[in-house]
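A short write-up of the structure that comes next.
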Amino acid sequence: MIEPLFSSPVYMSDDLLPVDEGMLERVNSFKSHPNYSNMITDSYDVLNDDKMSDIRHFCIKHLNAYVRDFLKCKNEIYITTSWLNYTQKGQSHHLHNHPNSLISGVLYLSGQNINITFMRSHPLFCLNLDYERVGNVTAERWNQDSFVGQILLFPSSLIHLVEGNFSDEVRISLSFNTFVKGGLNNTTNRLELK
């Protein structure tokens with residue numbers, strides 16, 4: 001028996017957010033500026049904009065499913081920051097993680113051949129072994145296909161990037177970070193954090 005200890009659980013929604021022209025007009029109405037190798041909104045609070053309420057509802061629904069149903073976590077997790085990324089043809093999304101956040105999410109709103117790559121932050125072994133087949137336990141990097149309307153949720157410490165956009169269509173993604181409300185470790189007063 002193998003127990004995949006210390007995994008990084010990546011959640012991928014089965015249902016897709018229906019994205020139409022009206023929604024794309026709304027997400028394209030935000031002002032943006034350059035961010036490494038693509039563009040990012042000036043606002044880091046886009047999900048609290050009234051025109052994003054349907055998208056916010058979809059994100060919260062899946063965040064709650066990840067936290068409550070999969071992780072079986074009783075803490076209240078809430079969205080702290082949210083922004084839109086615009087990746088033109090020839091641009092990409094740089095290697096990064098999300099500090100000061102617990103769980104991060106990405107929701108693709110337009111684009112083709114969307115592939116997010118997650119990277120291992122430390123090697124499984126300190127040797128370069130040859131595997132007959134590389135799987136999610138032995139991989140140093142994992143390419144995950146995603147689709148327009150699909151949300152992905154993952155631990156914010158997980159390093160990731162999105163390869164270049166080779167389509168004429170602008171790839172638009174919504175990203176968000178979360179944090180915990182209330183007390184942590186309230187079973188021991190000396191370790192409790194509010």
Side-chain angles (χ1 to χ4, degrees), residues 2-17 19 27 35-38 40-41 44-47 52 55-87 91-124 134-165 171-181 184:
I2 296 289
E3 187 68 42
L5 292 176
F6 315 122
S7 65
S8 296
V10 175
Y11 172 99
M12 294 158 286
S13 65
D14 288 335
D15 63 327
L16 303 178
L17 176 72
V19 178
V27 300
N35 179 46
Y36 298 97
S37 58
N38 63 355
I40 190 170
T41 51
Y44 289 93
D45 197 26
V46 298
L47 282 177
M52 299 288 281
I55 299 173
R56 178 179 176 78
H57 176 74
F58 184 80
C59 292
I60 290 172
K61 176 182 91 170
H62 285 284
L63 176 62
N64 288 336
Y66 180 67
V67 170
R68 304 264 186 273
D69 301 338
F70 177 74
L71 297 176
K72 306 293 186 202
C73 179
K74 296 186 290 185
N75 298 88
E76 183 182 352
I77 309 299
Y78 69 102
I79 296 173
T80 55
T81 56
S82 56
W83 62 95
L84 292 159
N85 305 288
Y86 307 96
T87 307
Q91 296 180 332
S92 61
H93 208 107
H94 63 284
L95 185 67
H96 66 287
N97 65 3
H98 295 233
N100 300 323
S101 176
L102 184 64
I103 297 165
S104 292
V106 62
L107 170 63
Y108 289 99
L109 300 169
S110 73
Q112 297 177 15
N113 304 317
I114 304 164
N115 186 293
I116 185 168
T117 302
F118 295 101
M119 310 286 281
R120 185 185 292 276
S121 60
H122 59 280
L124 179 60
V134 175
N136 62 355
V137 172
T138 55
E140 296 298 314
R141 56 189 291 144
W142 186 262
N143 296 323
Q144 181 61 55
D145 289 332
S146 188
F147 308 96
V148 169
Q150 184 179 45
I151 190 168
L152 281 78
L153 299 164
F154 48 89
S156 299
S157 59
L158 193 55
I159 299 168
H160 57 285
L161 61 86
V162 184
E163 301 286 343
N165 180 9
R171 184 170 60 217
I172 302 172
S173 62
L174 168 84
S175 297
F176 61 88
N177 288 333
T178 66
F179 208 69
V180 61
K181 280 187 181 176
L184 296 174

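Values below: every heavy atom of this structure, side chains too, minus hydrogens, waters and symmetry copies. Not measured: the values here are computed from a predicted model.
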- Note on the structure: Hits for ring pair (Phe, Tyr, Trp, His ring centres under 6.0 Å) against H94, two or more places apart or cross-chain, chain-then-number order -> Y36, H96
- Query: With F58, which residues qualify under ring pair (Phe, Tyr, Trp, His ring centres under 6.0 Å), at least two apart?
  - Reply: H62
Is there any salt bridge (charged side-chain N to carboxylate O under 4.0 Å, His left out) pair reaching into [range], and which pairs are they, with sequence neighbours excluded?
range: residues 70-83; answer: E76-K181
range: residues 106-124; answer: R120-E140
range: residues 93-112; answer: none

[X] versus [Y]: any side-chain heavy-atom pair under 4.5 Å?
X: I116; Y: W142; answer: no
X: V106; Y: L174; answer: no
X: S156; Y: P99; answer: no

Any residue meeting side chain to side chain contact (heavy atoms under 4.5 Å, CB included) with [X], in chain and number order, not counting sequence neighbours:
X: T80; answer: Y78, N177, F179
X: V148; answer: V19, I114
X: N38; answer: N35, N85, T87, Q91, H93
X: I60; answer: R56, N64, I79

In Å and rounded to the nearest 0.5 Å, what is the [atom1] to [atom2] distance from [X] to [Y]?
X: I151; Y: Y66; atom1: CD1; atom2: OH; result: 11.5 Å
X: R68; Y: C73; atom1: CZ; atom2: SG; result: 7.0 Å
X: I103; Y: T178; atom1: CD1; atom2: OG1; result: 4.5 Å
X: L152; Y: S104; atom1: CG; atom2: OG; result: 11.5 Å
X: L17; Y: K61; atom1: CG; atom2: NZ; result: 9.0 Å
X: N113; Y: F147; atom1: CG; atom2: CZ; result: 10.0 Å

- Query: For D69, which residues count as a side chain to side chain donor-acceptor pair (under 3.5 Å) partner, sequence neighbours excluded?
  - Reply: none
- Decide if atom CD1 of I2 counts as having more than 12 heavy atoms of other residues, nucleotides or ligands within a radius under 6.0 Å. no
- Task: Ignoring hydrogens and angles, state whether a donor on the side chain of T117 or N143 is under 3.5 Å from an acceptor on the partner side chain.
- Result: yes
- Task: Take I40 and L84 through the test side chain to side chain contact (heavy atoms under 4.5 Å, CB included) and record every step on the way to the result.
- Result: CA-CA 6 Å; I40 190 170; L84 292 159; over 6 Å; no
- Does the S82 side chain pair with the main chain of L47, one donor and one acceptor, at a distance under 3.5 Å? yes
- Note on the structure: Given the options V46, L153, L107, F176 meets side chain to side chain contact (heavy atoms under 4.5 Å, CB included) only with L153
- Task: Just jot down the salt bridge (charged side-chain N to carboxylate O under 4.0 Å, His left out) partners of D45, sequence neighbours excluded, or say none.
- Result: none
- Please identify each residue that fulfils salt bridge (charged side-chain N to carboxylate O under 4.0 Å, His left out) with R141, with sequence neighbours left out. E163
- Message: Please evaluate residues R171 and V162 with respect to the criterion side chain to side chain contact (heavy atoms under 4.5 Å, CB included), reporting the C-alpha separation (whole Å), side-chain torsions for both, the decisive distance (0.1 Å), and the verdict.
- Response: CA-CA 10 Å; R171 184 170 60 217; V162 184; 3.5 Å; yes
- Smallest heavy-atom separation, N75 atom then V67 atom, equals O-CG1, 4.1 Å
- Task: Kindly give the heavy-atom pair with the smallest separation between P9 and L71, and that separation in Å.
- Result: CG-CD2, 4.2 Å
- Given L124 and T138, is the side chain to side chain contact (heavy atoms under 4.5 Å, CB included) satisfied, shown in steps? CA-CA 7 Å; L124 179 60; T138 55; 4.1 Å; yes
- Item | side chain to side chain contact (heavy atoms under 4.5 Å, CB included) between V27 and I55, worked out | CA-CA 10 Å; V27 300; I55 299 173; 4.0 Å; yes
- Task: Specify whether F118 and H160 have parallel, tilted or perpendicular ring planes, treating 30° as the upper limit for parallel and 60° as the lower limit for perpendicular.
- Result: tilted
